[in-house]
Asks: 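For reference, the structure I am asking about is given below.
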Amino acid sequence: MHKQHNEQQFGYFDDKKCEYVITDPHTPTPWINYLGNDGFYGLISNTGGGYCFYRDPKFRRLTRYRYNSVPVDNGGRYFYLKSEGQTWSATGRPVHTELDQYSCHHGMGYSRFKASKNAISSQVTSFIPLDTKAEVHQLELKNDSDTTKSIELFSFIEWCLWNAEDDGANFQRNLSTGEVEVEGSTIYHKTEYRERRNHYAFYSVNHPIDGFETDRETFLGPYRGFENPIAVERGKTANSLARGWSPIASHHIKCELAPGESKTLVFVLGYCEVEAENKWLAPNIINKQPAQTLQAQFDTSEKVTAELAKLHSYWQKLLGKFVVKSPDERFDRALNIWNQYQNMVTFNLSRSASFYESGIGRGMGFRDSNQDTIGFAHMVPEKVKERILDLSATQKTDGSAYHQYQPLTKKGNANIGGNFNDDPMWMVLSTANYIKETGDFSILNEMVIYDGQEQATHNHFDHLERAFNHVVNNLGPHGLPLIGRADWNDCLNLNCFSEDPNESYQTTQRGASDVAESVMIAGQFVLYGQEFVEICKRLGKSELASQCQSHVDKMRSTVDQHGWDGEWYIRAYDANGAKVGSHENAEGKIFIESQGFCAMAGIGSEQGKPLQAMQSVEKLLSTDFGIMLNQPAFTRYSKYMGEISSYPPGYKENAGIFCHNNPWITISEAMLGRSEKAFEYYSKITPAFLQDVQKLHKTEPYVYSQMIAGNDSANPGEAKNSWLTGTAAWNYYAATQYILGIRPDYDGLLIDPCILPSWKSVAITRQFRGATYEIELRNPSGLSKGKVQLSIDGVKIGGNLIDPKRYKGNHTVVAEIMA
Ligand code: BGC
Ligand code: NOJ
C-alpha cells in the first residue's frame, strides 16, 4: 500500500561510523541528535537548531528555544560565513543561501555539519565531551580555490534566562534582568547571578576576536530575523553590552586563507557553578576562574580531537556489549546502533526535553523511567540502579507514587497529577530486570526514603512490597484493579468526566474512583506480581511468597472470569461498571494494552486465550504501519472515556499506532512461538525498515517515534513525537530477549530464540556478568521455535541456561534449535 519511493530519501545510514548522514537540509521535520550523556545535554537539529541545558531542561536552560516557532528549529548555534559579498550558514541555516554541498552527520553523541560554498568548505563538529558541562563546536574552514579568500565569521547563540518557563512567559520582569560581561574572546551570561543563582554560562572561542555583540537587537537589527542579521550584512559589530532585553553571544572573526589553507577554531559553550563565597572577583565582576579552567581543556584542536576520540571509544565500548549479525542488516543496525543509542537518550531524559516535549512540562516519569531501564540495564547497570532508587524515593507510604519527579531536585512533582494505578508495579519490572542482568540482589537492601521522609527507615524491597500491595488494596467491584486516574494509557480517563476545555485530563477527577477497573493493570499485576513472588522466594521469604502467590492466582482467575470477552481480553470497566473494549461497545471494542499484558502473563492459556487474543489483534488492529491502539476509533467525545475520545480518529491514543505497546504483542507472539508474526510487528515500526517511506513518516528515520497515524487518520503512516518514547526500550527488549531470546534471568543467561524460519544462523556477542559470549544460533531445520541444545566451548550442556558462575573471559556458545 502506502509505500513511496526512493526519490524521497533525505539521507542514509553509515553503519561503519555509526552515523546517519542527512544530505538534504530540508527534511520534513527537524531531524535532531542529542549531545551529552551525563547531566549536560544539547539537542541539535540537522541545521544546527536546538538548545542546551544542565540537568533540568526547565530550571537550568542555557540557550533559548522558541516552541511553535517557524521554522520549527529556529534558534541554535549558528555560524554565519561571509565572503566576496555572499553570506551563508555553516550548518545550512538560518541563512537561505543554497549551499554547493551540505551534509549533516548525526553520530553517537556528536553531530558534524559539512558545507561548501564558493570554494570555501567548512566543517562544524559539535559534541559534549565526557564529564564536561559544555558544548564544544569545532569549526574548520578551508579555502579550496587557487586564490586567497577573505572570510568573515559570526558566531551566534541566544541565552535563555535560565528558567525556561519564565523565560517564555514573564516578559514584564525578564526583559529587565539580562546581564553579561565580556573579557577577551569570552562572553559571559550572568543574569540573576547578582541574586540567588550561583551559576553562569559563557561562550568562548580560542582565537582573538575582531568584535562581538551581546544584545540581540543590535546584532539582528530592527524587525529582522536570524536569516539576515544586520551585523553580518554590514560586516561590523558594535561591541554591544546587553542590559536587559535579550542577551546573546556573537563573536566576529575575520580571516584570510591562502589557496588550500585551512583554519580551525574551537567554540565552547559552557556552564559553571561557583560557591557562594567565591562568586565575585570585584563588585559586579564575576569570578571567571571556573570558566577559564573549562576553556583551557579545549583550547586547541588537538585537545578537542582527543576528547572526541574518547567519546568514540566510550560508545564503542557501550555498543560492544550486545552485537548481533543476522541475515537482515536492517535488524542489525537497529539493534547494534540506533536502538541502543535511543535507549540511552530515553533513559537520561525520560519524556522531558525533545522537539515535541517542551522540557518545561514534564520531568522524569515514574512509569516511563522504570520502563526505560529495560533497554539500558545491559549498558550502564550502575546508573540503572541509581535511577531505580531515585524513583523508589518518590514513592508514597501507601505504595503509590508521584507520576513525575523534577531531575534537579529529585522531588515528586504534584502538579502533573498522581493516582495512576499502574505506576507502582513498573518498579517491580525495572528492579527484576536489573537483578537479572547483574545478579545484584543488594539493590533490595538499599535503604530508601518514602516521600516526605528525612531519613530512610525501609529498604527497597519494602518499597516493592508496598507497590504490590497497592494493587491488592485497591480492587474494584469485580476484584480487578481500580484504574485510578488512568493506567498506562494516560488518556483512558474513566473517572474524569470533564466538560470544561480548560481542565487538564491528567489532573481532573470528578468520579469517586471506586468502580472503574483496569484489565491492563490486572495483566500487569499477574506478570510482575509473579516476578515479585519469585524475588520473595529468592530472599527466603517463603511465607510472604505464598501469600503473594495467592493474590496473583486470584487475579488470574478474576481476569479469566471478568476480563475475557469471548475473542479477546476486555480493556476495563468504566465508572458505571460498564465494559470498555468489548464487542458490546459500539466504539473501542478492542484495545491493544490488555491483549499484550494478559497474553504476556499467559492468562487463560489452558483455554488458548493468548493465541485467540493475538488472532483478534491481527484481524482488528494490525495495519501496514503497525498495530493500532484500539478499534473502532472513538468518533465523538465522551466525558466517560476522557482524553482518548478527544483526539480525532487515528491519532495518538485514539486508534493511532502508539508504538510503545506494539512490542507487548511482539513478545506475546514470540512466547507463542509465532516468529513470523513477532518479526512482522517488530519490523513494521522499526525505523531501519522504513527507509522508503521517509517522506511519509516525516520524523527521524533512525529513531522510534511515539506515534504513527493509524488507518482512520488522513495520513496513515505519518509519525510524530520522535525520540522520547518507551518504544525504544520495549522494542529493544522484545527483539533481544524474545526474538533472539538472549534473556537474562536470575540464575544466568537464557537462550530461548524465536527467529524467522528462514534464518539459518545468527551470531551474537553478549557481555554478561563479567564474561563475553560469542553465541551462534543455529536453525538447520528452519524452525520458529524449538528445544535449544547448548554447547559451550564445544561441550554440550543440558538445558538452555548459561550459568555465569562457571564462566569468566571469552566463550563460544552454539545454540542449536531443534524440533
Ligand atoms: C498524551 C499522552 C501523555 C499524556 C501525559 C496526553 O496528552 O496523549 O500520550 O501520556 O498527555 O501528560
Ligand atoms: C506517553 C506517556 O509518557 C506514557 O507514560 C503513557 O503511558 C503513554 N503516553 C500512553 O498514554
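Every number for a ligand or one of its atoms is a count from 1 in the order of the listing.
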Asks: Considering only protein heavy atoms, which is closest to atom 7 (O) of ligand 2, and at what distance to one decimal place?
Replies: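 Here the nearest protein heavy atom works out to W488 O, 2.5 Å.
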
Asks: Considering only the protein, which heavy-atom contact is closest to atom 4 (C) of ligand 2, and what is its distance?
Replies: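 Looking at atom 4 (C) of ligand 2, the protein heavy atom closest to it is D368 OD1, 3.2 Å.
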
Asks: Y51 ring centre to R64 NZ or CZ under 6.0 Å, with the angle to the axis within 45°?
Replies: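 No - R64 does not lie over the ring of Y51 by the 6.0 Å and 45° rule.
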
Asks: How does Y505 reach ligand 1, if at all, at less than 4.0 Å between non-hydrogen atoms: by side chain, backbone, both, or neither?
Replies: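 For Y505, no heavy atom sits under 4.0 Å from ligand 1.
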
Asks: Using a strict 4.0 Å threshold on nitrogen-to-oxygen distance, state whether E357 and R351 make a salt bridge.
Replies: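 Answer for the salt bridge query: no.
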
Asks: Do the side chains of D487 and R571 get close enough for a salt bridge, i.e. N-O under 4.0 angstrom?
Replies: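 Result for this pair is yes, salt bridge flagged.
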
Asks: Considering only the protein, which heavy-atom contact is closest to atom 11 (O) of ligand 1, and what is its distance?
Replies: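 The answer is Q506 NE2, 3.9 Å.
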
Asks: Answer yes or no: is there an ion pair linking K589 with D565, defined by an N-O contact shorter than 4.0 Å?
Replies: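 D565 and K589: not salt-bridged.
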
Asks: When you measure from the centre of the six-membered ring of Y681, is the NZ or CZ of K677 under 6.0 Å away and within 45° of the axis?
Replies: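 Relative to the ring axis of Y681, which defines the angle, K677 lies inside both limits.
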
Asks: Is the closest heavy atom of R351 to ligand 1 under 4.0 Å?
Replies: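 No, that is not the case, since the closest heavy atom of the residue is not under 4.0 Å from the ligand.
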
Asks: Say whether H106 and Y341, considering side chains only, have a donor N or O and an acceptor N or O under 3.5 Å apart.
Replies: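 Note: H106 and Y341 side chains miss the donor-acceptor criterion.
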
Asks: Would you check whether M707 reaches within less than 4.0 Å of ligand 1, judged by its heavy atoms?
Replies: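 M707 does not count as a contact of ligand 1 under the 4.0 Å cut-off.
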
Asks: Taking only Lys NZ, Arg NE, NH1 and NH2, and the carboxylate oxygens of Asp or Glu, determine whether K385 and E437 approach each other closer than 4.0 Å.
Replies: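 Between E437 and K385 there is no salt bridge, as every charged N stays at least 4.0 Å from the carboxylate O atoms.
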
Asks: Answer yes or no: is there a side-chain heavy-atom contact under 4.5 Å between Y41 and V345?
Replies: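 Contact flag for Y41/V345 side chains = no.
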
Asks: Can you figure out which of W488, F658, Y651, Y647 has its heavy atom closest to atom 8 (O) of ligand 1?
Replies: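 Checking each option, the heavy atom nearest atom 8 (O) of ligand 1 is found in Y647.
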
Asks: Looking at Y450, I'd like to know if the NZ or CZ of R466 sits under 6.0 Å from its six-membered ring centre while staying within 45 degrees of the ring's axis.
Replies: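 The answer is yes, since R466 meets both limits relative to Y450.
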
Asks: Give the atom numbers and elements of ligand 1 that come within less than 4.0 Å of a heavy atom of E643.
Replies: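 What qualifies from ligand 1 is 6 (C), 7 (O), 8 (O).
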
Asks: Any atoms of ligand 2 less than 4.0 Å from a non-hydrogen atom of R362? List them with their elements.
Replies: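 Under 4.0 Å from R362, ligand 2 has these atoms: 2 (C), 3 (O).
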
Asks: For atom 1 (C) of ligand 2, what's the nearest protein heavy atom and its distance?
Replies: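 Going by distance alone, atom 1 (C) of ligand 2 is nearest to Q706 NE2, 3.5 Å.
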
Asks: Return the residue, atom name and 0.1 Å-rounded distance of the protein heavy atom closest to atom 11 (O) of ligand 2.
Replies: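 Ranking protein heavy atoms by distance from atom 11 (O) of ligand 2, first comes E653 OE2, 2.5 Å.
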
Asks: Using a 4.0 Å cut-off to any heavy atom of D490, which atoms of ligand 1 qualify?
Replies: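 That gives atoms 3 (C), 4 (C), 5 (C), 10 (O) of ligand 1.
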
Asks: What residue and heavy atom of the protein are closest to atom 9 (O) of ligand 1, and at what distance?
Replies: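 Looking only at protein heavy atoms, the one closest to atom 9 (O) of ligand 1 is E653 OE2, 2.6 Å.
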
Asks: Consider only side-chain N and O atoms of Y640 and N576, and report whether a donor and an acceptor are under 3.5 Å apart.
Replies: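 Side-chain D/A pair, Y640 to N576: absent.
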
Asks: For F658, take its heavy atoms, then give the atoms of ligand 2 lying under 4.0 Å from any of them.
Replies: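 Under 4.0 Å from F658, ligand 2 has these atoms: 8 (C), 9 (N), 10 (C).
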
Asks: Report, in ascending order of atom number, the atoms of ligand 1 lying under 4.0 Å from any heavy atom of Q706.
Replies: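 That gives atoms 9 (O) of ligand 1.
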
